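Structure first, commentary second.
Note that this is a predicted model, so its numbers are computed, not measured. Chain letters run A, B, ... following the sequence lines, proteins first and then strands; every chain starts at 1.
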Amino acid sequence: MNSAISARRLPDEADLAQGSTPAALEDETFAGPAPDAAAAGAAIDPREAMRPVASPAASLLRFITCGSVDDGKSTLIGRLLFETNAVFDDQMEALRRDSKKFGTTGEELDFALLVDGLSAEREQGITIDVAYRYFSTPGRAFIIADTPGHEQYTRNMATGASQAELAVILVDARKGILPQTRRHSFITSLVGIKSVIVAINKMDLVDFSEQRFEEIREGYRAILPALGFTDVTFVPVSAKKGDNVATRSPNTPWYDGETLLERLESAQPETFDAAAEPFRLPVQWVNRPNLDFRGFAGSIAGGRVQKGDAVVALPSGGRSRVRGVHGPDGAVESAEAGEAVTVTLEDEIDVSRGDVLVAEAAAAGVSRRLSGDVLWMANRPLVQGARLILKLGTTQTPAALSHLDATIDIHSYEEKPADALSMNEIGKVTITAERPVVALPYAENCELGAFILIDPVTNETVALGVVRGVAGPQNAASTESSSEAGPGLATIGRLWLGEAARGDAAHRRAKIRARIAGSVLVGLLALLFQMPLALVPMIAVLDFLIRPFLAVAFGAHRVPEASSADPSIVDAGGGI
Amino acid sequence: MKHMTHLQRLEAESIFIIREAAAGAENPVMLYSIGKDSAVMLHLAMKAFRPGKPPFPLLHVDTTWKFREMIAFRDKIARDLGLDLIVHTNQEGLRAGINPFASGSRVHTDVMKTEALKQALDKYRFDMAFGGARRDEEKSRAKERVFSLRTPEHRWDAKNQRPEPWRLFNTRKRKGESFRVFPLSNWTEQDVWDYIAIENIPVVPLYFAAPRPIVRRDGALIMRDDERMELRPGESVETMMVRFRTLGCYPLTGAVESTAATLDDVIAEMRGSRVSERQGRVIDQDSGASMEEKKQEGYF
């Protein structure tokens, strides 16, 4: 990008008239590489893929605002936009007009009208959908997700929260901690946000009382232990009047902390450090522009990659080495978590969309069975056995809700047994996918630990969820360890056990007891047919050993994979 | 962790969206409106599939009232990049004599843009159309999804949109349904210009101030791009130093007086601006929810 600063010139009319743009511009911006040059591993573009950008905003912070109905979220955002000059004159003019027509603030400007964009919202004076807003200060650009307060729109709040690094939780100074405050705090923590600003709003309506501020602060601190936040600050504000939003308020001399905007600018939210992880690349797209180039495109979900690295393609297990790494501007030496890349490999191994390339040394869970927490978002209940489509990373597979372990009360944070989840409820579940998926616990990797569930009939997105545990490899490992003579024996053992091989030890013992009983019956049958006495035990033993393999040979072991009636899944649910 | 700047994060996010859409589509297309947002979107699409080309054509809905410079620029870009360009015009509308002067902005936009777009999507059976809209442009767009599902009649149902947690986009659809995909959802006008500067992305010269033939009409500065614009009594053509913040049909696009002739000037001017970019758009100002209504009917 160095060249950009020196040679910044745009095509002018003369250029266009001649049908040419400045040569440098044309070459650098659009010409790109000849495909075969790229395939030969030649540098596509001499520039670094991710170059320093002379942007006015050096960093980006995504945050949500949430709180109960009428806590003043939209007003606060409108105020932030106004104070940071993100509202243009014509928008201000429209705001003045709208404030008279719809406003709830009398003669004053109703900043909420800057953000409540849908007709229904303006009429009802509430926020229904997540609204995204943008503003920047000299050092930082901000993306706000303004999320609804109503319980019926909890799903929209969770959606906004999943993309945020920090949450501003509004509390009405008059009302204190409400059930909604607890619910929003819980969802904030569910999606892994660690940094929270509790904005105690409408301080003007409690005479800027320090005592009231302290009471609410203590009240909120009481619920913190359940939430896992690591960075919580409290700011007394009045969104309507502007106190402590962008400028320090003379009305709160007892408060010496940062204003809300200062806090947003200074916050370094603790996010998951994906770069410290082993390399993981969920493949989005196989890029095959010609016979000589076969690249795997995606955004790096963890770690870094460079030429020569040994990688494994999951779930297939194919191994190879990285031949080249291509960033948005061409070949690069290496790339890290967050970057959009295309990776080529030395060997022709089978990799397609949905697969994950991982560092050879790194283990990642490959399993058909996941346990996790889901937020149900459809207006019909989720019941055990429901058939769904699981989308996790870039993979998508039919799946079944094999077990609903409990619901979590989002107000008391307690777990309760449940038969069904209704809309906006959170449950602890076990999901069995038809095909193995590459997943990690959400706390280890956000990209491979978050998922949505889709209704296969209506195609609606009906749940969002986070992975808490990945089953499968553990079970497979325990099966193998019980027959360490060799992988061949382990395989034979698994075939013999059939479905039970995926269950736990108790399930396997039950299966063996049932088979013994069956074979004893066969022996008795042989007696009945007056077989020689010496043959009877032999027949029984042969039956015991061979019959399971006959089932394999005739394909009877192929039970529908996602069957929710599979007892092994229920057995294993609690142990994951 | 390598520090990624604001624009680097936006760039990576947009490339992710473009790849995700291409993977989820049977027959994708990129709506190319020739404006600065389209220029950035196309630039990102080129990056997403390098060293290959984007696996979709460009579609321009031509109302026949675009600035001539836009058309020249469009053809050159498609040629230079070696991309397929489909140009579609609503021939029925043309035959019916719809034009922005006689029919008014509302009818002209409905017939020559919204209807024309639907015709083109139906004709070529596109099931995923990329658009360069940004959420910061307008209030109802602030609530638009990145993957916006449209009915077989191309309608947008604001109350029935799919949640998009993290970046897990649900691209499943029924027969006849389609998606509009907005890779620049989280970009602001300022981001777009900063990125154009940093990446040296060519844009139509109309964005830069130059002496142009201007007619003052209904409080807007309209550039008389050809003879079809008849002068009303009392009107005259003045040569004024102007530029455009957004580009559309020339009779419906107001110019702003400016001396910003270079990219740096434009960026400096925009930082100091107190007026939003859509202010020059005649079609947005009918009513408060104007854009929302148009979107429900199938406008981008």
Problem set entry | Closest heavy-atom pair and its distance - Gly393(A), Leu168(B) |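 Shortest heavy-atom contact: O-CD2, 3.7 Å.
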Problem set entry | Minimum-distance pair of heavy atoms, taken over all atoms of Pro328(A) and Arg50(B) |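 Minimum heavy-atom separation between Pro328(A) and Arg50(B): O-NH1, 3.2 Å.
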Measuring from [X]:[atom1] to [Y]:[atom2], what's the distance to the nearest 0.5 Å?
X	Y	atom1	atom2	result
Leu10(B)	Leu60(A)	CG	CG	6.0 Å
His6(B)	Ser136(A)	NE2	OG	7.0 Å
Ile454(A)	Thr171(B)	CD1	OG1	7.0 Å

Problem set entry | Criterion side chain to side chain contact (heavy atoms under 4.5 Å, CB included) against Asn170(B), the qualifying member of Ile389(A), Ile452(A), Leu453(A) |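 Filter result, single survivor: Ile452(A).
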Could you tell me if the side chain of [Y] sits less than 4.5 Å from the side chain of [X], heavy atoms only?
X	Y	answer
Arg19(B)	Thr342(A)	yes
Arg62(A)	Asn186(B)	yes
Asn156(A)	Pro163(B)	no

For this session: Could you tell me whether the side chain of Gln163(A) and the main chain of Trp166(B) form a donor-acceptor pair under 3.5 Å?
Result: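 It does hold such a pair.
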Exercise. Is a donor on one side and an acceptor on the other found under 3.5 Å between the side chain of Lys47(B) and the backbone of Asp329(A)?
Worked result: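 No; zero donor-acceptor contacts below 3.5 Å.
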For this session: Taking atom types as modelled, find out whether Arg145(B) and Thr159(A) have a side-chain donor-acceptor pair closer than 3.5 angstrom.
Result: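 No, no side-chain donor-acceptor pair sits under 3.5 Å.
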For this session: Determine whether the side chains of Tyr132(A) and Asp136(B) contain a donor N or O and an acceptor N or O closer than 3.5 Å.
Result: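 Side chains of Tyr132(A) and Asp136(B): no pair found under 3.5 Å.
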Problem set entry | Arg174(B) versus chain A, the contacting section by heavy-atom distance below 4.5 Å |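 Both backbone and side chain.
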Problem set entry | Contacting moiety of Ala261(B), where chain A heavy atoms sit under 4.5 Å |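 Looking at Ala261(B), nothing touches chain A.
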Exercise. Taking the six-membered ring for Trp, is the centroid-to-centroid distance between Phe49(B) and Trp285(A) below 6.0 Å?
Worked result: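 Yes, close enough.
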Exercise. Between Leu392(A), Val191(A), Thr458(A), Leu61(A), which has the largest tally of heavy atom pairs under 4.5 Å with chain B?
Worked result: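 Option with the greatest count: Thr458(A).
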Exercise. Looking at Glu460(A), Lys391(A), Arg288(A), which makes the most heavy-atom pairs under 4.5 Å with chain B?
Worked result: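 Among Glu460(A), Lys391(A), Arg288(A), the one with the most close pairs to chain B is Lys391(A).
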For this session: Inspect the contact between Glu339(A) and Arg9(B) and indicate whether a charged nitrogen and a carboxylate oxygen are less than 4.0 angstrom apart.
Result: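 Salt bridge between Arg9(B) and Glu339(A), a charged N being under 4.0 Å from a carboxylate O: no.
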For this session: Count the heavy-atom pairs under 4.5 Å between each of Arg167(B), Arg172(B), Arg162(B) and chain A, then report the option with the highest count.
Result: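 Sorted descending by pairs with chain A, the first entry is Arg172(B).
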For this session: Carefully, step by step, assess Glu164(B) and Thr461(A) under the rule side chain to side chain contact (heavy atoms under 4.5 Å, CB included).
Result: CA-CA 8 Å; Glu164(B) 290 181 337; Thr461(A) 304; over 6 Å; no
